[in-house]
Amino acid sequence: MTFHDRMRMTPLCGYDPADMKISKSLFVTKKEEPADAEVRSHALMVRAGFIQQIAAGIYVYGPLMWRVLRKIETIVREEHDRAGCQELLMPALQPRELWEESGRWERYVADKILYHFEDGRGREVCLGPTHEEVITNFVKGRITSYKQLPQNLYQIQTKFRDETRPRFGLMRGREFVMKDAYSFDASAEGMAASYAVMRDVYRNIFTRCGVRFTPVEADAGAIGDAASEEFMVDADTGEDAIAVCRTTGYAANTEKAVSKISAPPEPEAEVAMHKEPTPAAKSCEDLRALFPDLPLERMLKTILYRATWLDRDQVVAVMCRGDREINTIKLQNALDCLAVELADEKTVKAVTGAAVGFAGPIGLADDVRLMADASVEGVKGFLCGGNETDTHYLDVYFGRDLEQPETHELGLVQSGDATVDGEGTIEITRGIEVGHIFQLGTKYSEAMDCRFADENGKLQPFHMGCYGIGVSRTAAAAIEQGHDDGGMIWPLPIAPYHVMIIQMRAGDEAQEGLAQELHDQLEAQGIEVLWDDRKMGAGGKFKDADLVGIPMRVVVGRDAADRKVEWKPRTGGEVEVISADDVLARVQAAFDA
RNA sequence: CGGGGUGUACCUCAGUGGUAGAGGGGAAGCUUUGGGAGCUUCCAGUCGCGGGUUCGAAUCCCGUCACCCCGACCA
């Protein structure tokens, strides 16, 4: 790929902007970090003036930030357009009726995620958190024949979600910039093909953005019911835990991940079930102290949850091996309920008749639904709670002492687990979810009665896919991944400017002239230059340059009269004195690297 | 929604019942000019808001709001 091809890849705009002299622009940085910013990306963006908080999770994107967002958007648009997707723009304001059609109004209101209110004439509307309803409605009656398929439509727009706990700056906002795309196909196979195309589009986008990322298998959550993958920017500060295996290449969100469950050790001899006093032994750890010879794998804990459906709720008891944990997402999916939360102390006492810590499968209240994680299978001679304070049963056998409850894969993968194929070992790392792709199937097209005529003239529901990218979150993730003590380190393709020229002395004729010459020469090649011509001390200029993280720095200083300048990449290089005539070549080399 | 924390100048913060403070920042001037330089002068606050106690409240009490953190929740 030539330099000029690369330059075309992330144009910021189609017109020639004026000289970008800092002295003439609104460029305001702070010496001190905001006290309320916990994560690096947030603190640096505020300090560098990229964003300003207006309320929890609501921000102004300043001029430099906006340039970054537009660059990401440009990459997103180019890759979508190249794959045959078409851009459109849907309304943020949406009527309740549309959401009633898909049946999501109730759930989103119950989850308190939806901004909704009455308009002046008493009609209920919401601010769109996502656009399946609108796009499905748009397509309805517009795509009427299989001959028009497949289609993929996308938009880049501000989304609104009333997050109960917005946090970490742009990482989780209540208002944020998102790209959402929706595919329409005639069949499940077609949908899978569209999905596969989008997977490549996403890989290309994040590769071009210059972030390190991992695609992982994901839980589809409330939005879909089939295959789904997330694109995670690798970062220790990420909110998501992901299970990866270096040997097999397996990668999945821990919400979804599965692992091979080790075989439980066999008891030495079969003994009749018996009840034992276990004073104050509420946890497996406490029990180990009492029964040092009993391995954790043969202690089955029983955890009580309250599951909620639209019209009811129920206490659910879940058995699980002592060395494993329950994954509540999997539990929620197995129950097909809206929410699952740990039962409170009062409930536990009511259904077990015992203090918290002694729940077991035998003698639970009748209205409790008993389930088990797959890890209990084949466990013999186990310990479990006695449903009586300070009491456990020992040497319990499924089949002999009680029926094995309905069993599902409900476990949480743990670091060190073997992969399902037994070929490798799982490690838990963290990431920031910047993209998520789903196969929706006919969920929305059926619910909203959105159909096309097939080859036989029969009406069929569309097979849909939906594909999201958090644009503003991607920018934050890039900083989370690229920063040092001095400030941000932008990847070249999404940096607000490519080159920072520091003119050491404002008003110095030789410096002014050389800086102008370099500026004009670079801009003529489509290279974006931020020119620090401010009348201030050198220290401040260097600090600011490090802070805003422009990838390349050219210092025009005392040797300007000799056409000598200093060259330094923001990271990974030392200061070099070079001829001003070599600057363009250096910049081009950086683009070609 | 549970738990914890913080609200004082544009920013970062000090100030435990008696006149509202510092540093940064901004303005003016002089001196400086290669990693936030120095000196002088100036600018800047309804101490989140409401109520109460008190001769007197930034400070004590009650309420309320906002923001941050942990958890729950989260296309």
Side-chain angles (χ1 to χ4, degrees), chain A residues 28-39 42-43 46-47 49 52-58 102 104 107-108 110-114 128-133 159-169 171-174 176 178-182 218-225 228 230 239-240 253 255 305-306 308 328-329 332 338-342 344-345 433-438 440 443-444 465-470 473 485-487 502-508 511 534-547 553 555-560 565-566 568 575 577:
Chain A
V28 181
T29 59
K30 296 259 184 274
K31 270 188 180 176
E32 284 158 310
E33 286 194 354
D36 55 7
E38 203 70 12
V39 297
H42 185 195
V46 172
R47 219 191 113 199
Q52 184 209 13
Q53 184 174 50
I54 291 299
I58 301 175
S102 68
R104 286 207 293 185
R107 172 158 187 182
Y108 274 61
D111 285 351
K112 297 205 172 92
I113 197 90
L114 196 66
T130 174
H131 282 69
E132 281 80 7
E133 284 78 5
K159 292 283 185 281
F160 300 87
R161 294 190 194 170
D162 193 2
E163 294 287 347
T164 46
R165 197 180 152 214
R167 63 193 125 172
F168 305 148
M171 223 54 100
R172 179 168 299 275
R174 294 193 290 167
F176 56 96
M178 178 173 165
K179 184 283 309 181
D180 46 325
Y182 305 89
D219 181 73
I223 203 159
D225 55 7
S228 161
E230 289 167 337
E239 287 191 87
D240 288 276
N253 192 311
E255 292 177 350
Y305 294 94
R306 177 169 296 280
T308 314
T328 51
I329 303 286
Q332 190 175 322
L338 296 179
V340 160
E341 56 183 348
L342 272 177
D344 57 25
E345 201 177 327
E433 179 192 346
V434 290
H436 199 161
I437 58 178
F438 302 84
L440 297 173
K443 179 171 173 166
Y444 295 92
C466 80
Y467 316 89
I469 288 179
R473 188 187 279 182
D485 290 346
I502 298 183
Q503 181 187 334
M504 294 304 293
R505 294 187 66 158
D508 179 292
Q511 292 184 17
R534 290 174 296 176
K535 185 176 166 61
M536 63 181 275
K541 292 188 176 185
F542 286 125
K543 291 285 186 197
D544 275 346
D546 288 345
L547 179 61
R553 189 182 84 187
V555 177
V556 179
R558 51 170 86 97
D559 300 328
V565 298
E566 282 168 31
K568 186 184 178 302
V575 173
V577 177

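All chains are named by letter (A, B, ...) in the order of the sequence lines, taking the proteins before the strands, and each is independently numbered beginning at 1.
You'll find the side chain of A:Asp180 stays beyond 4.5 Å of the side chain of A:Tyr467, heavy atoms only. The shortest side-chain heavy-atom distance between A:Met504 and A:Arg558 does not fall under the 4.5 Å cut-off. Within the 4.5 Å cutoff, the side chain of A:Glu33 has no heavy atoms near those of the A:Val46 side chain. The side-chain heavy atoms of A:Arg553 and A:Asp546, taken from C-beta on, include a pair separated by under 4.5 Å. Taking 4.5 Å as the limit, every side-chain heavy atom of A:Arg47 sits out of range of all side-chain heavy atoms of A:Thr29.
A donor and an acceptor atom never sit less than 3.5 Å apart when one is taken from the side chain of A:Thr164 and the other from the base of B:rC74.
On the C1' atoms, B:rC61 is 25 Å away from B:rU19, given to the nearest whole Å. Rounded to whole Å, the separation between the C1' atoms of B:rU6 and B:rG15 comes to 16 Å. Across the P atoms, B:rG51 and B:rA57 are found 13 Å apart, a figure rounded to whole Å. Comparing the P positions of B:rG56 and B:rG52 gives a spacing of 12 Å, expressed to the nearest Å. One P atom belongs to B:rU8, the other to B:rC49, and the distance between them is 10 Å to the nearest Å. On the P atoms, B:rG36 is 31 Å away from B:rG21, given to the nearest whole Å. Going from the C1' atom of B:rA20 to that of B:rG45 covers 8 Å, rounded to whole Å. The same atom, P, is picked in B:rA22 and in B:rA14; the two are 16 Å apart, to the nearest Å.
Comparing A:Glu38 and A:Asp240 along RNA chain B, the residue whose closest nucleotide (by nearest heavy atom) sits nearer the 5' end is A:Glu38. Nearer to the 5' terminus of RNA chain B, by closest-nucleotide assignment, is the contact made by A:Val39 (compared with the other of A:Val39 and A:Glu433).
Between the A:Gln503 side chain and the A:Arg505 main chain, a donor and an acceptor come within less than 3.5 Å of each other. Between the A:Arg167 side chain and the A:Arg172 main chain, no donor and acceptor come within less than 3.5 Å of each other.
Figure legend. B:rG25 is base-paired to B:rC43; pairs are counted as Watson-Crick or G-U wobble with both atom distances under 3.5 Å. Remark: B:rU16 base-pairs with no nucleotide in the shown strands. Criterion, Watson-Crick or G-U wobble with two distances under 3.5 Å. Using the Watson-Crick or G-U wobble rule with both distances under 3.5 Å, B:rU6 pairs with B:rA66. When Watson-Crick and G-U wobble pairs are counted only if both distances are under 3.5 Å, B:rC73 pairs with no nucleotide at all.
We find that CD of A:Gln52 is positioned 11 Å from C1' of B:rC10, with the value rounded to whole Å. Taking atom CD of A:Glu239 as the reference point, atom P of B:rC73 lies 13 Å away to the nearest angstrom. Atoms CG (A:Leu114) and P (B:rC74) sit 15 Å apart, rounded to a whole Å. If you measure from atom CD1 of A:Ile54 to atom P of B:rA66, you get 16 Å, rounded to the nearest angstrom. Going from atom CG of A:Asp36 over to atom P of B:rC11 covers 11 Å, rounded to whole Å. Regarding A:Arg167, its CZ atom lies at a distance of 8 Å from the P atom of B:rC69, rounded to whole Å. Note: CD1 (A:Ile113) to C1' (B:rC1) measures 13 Å, nearest angstrom. Following rounding to the nearest Å, A:Tyr108 (OH) and B:rC74 (C1') show an atom-to-atom distance of 10 Å.
Within the 4.0 angstrom heavy-atom criterion, only backbone atoms of the sugar-phosphate kind lie near A:Glu33; the bases stay farther away. When heavy atoms are screened at a 4.0 angstrom cut-off, A:Phe176 is found touching base atoms of the nucleic acid.
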For each nucleotide in nucleotides 2-7 of chain B, reading 5' to 3', give B when a protein heavy atom comes within less than 4.0 Å of its base, S when such contact involves only the sugar-phosphate, and - otherwise. ------
What string of B, S and - do you get for nucleotides 28-38 of chain B, 5' to 3', when a contact is any protein heavy atom under 4.0 Å? -----BBBB--
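Salt bridge annotation for A:Glu132-A:Lys443: absent, with no cationic side-chain nitrogen under 4.0 angstrom from a carboxylate oxygen.
A:Asp508 pairs by the side chain to side chain donor-acceptor pair (under 3.5 Å) definition with nothing, not counting sequence neighbours.
The phosphate of B:rC73 has neither OP1 nor OP2 within less than 4.0 Å of any side-chain N or O from A:Gln332.
The side chain of A:Glu32 lies closest to B:rU12, out of B:rC67, B:rA72, B:rU12.
Nearest heavy atoms, A:Gln511 versus A:Val556: OE1-O, 3.4 Å.
Annotation: the span from A:Glu433 atom CD to A:Met171 atom CE amounts to 12.0 Å, rounded to 0.5 Å.
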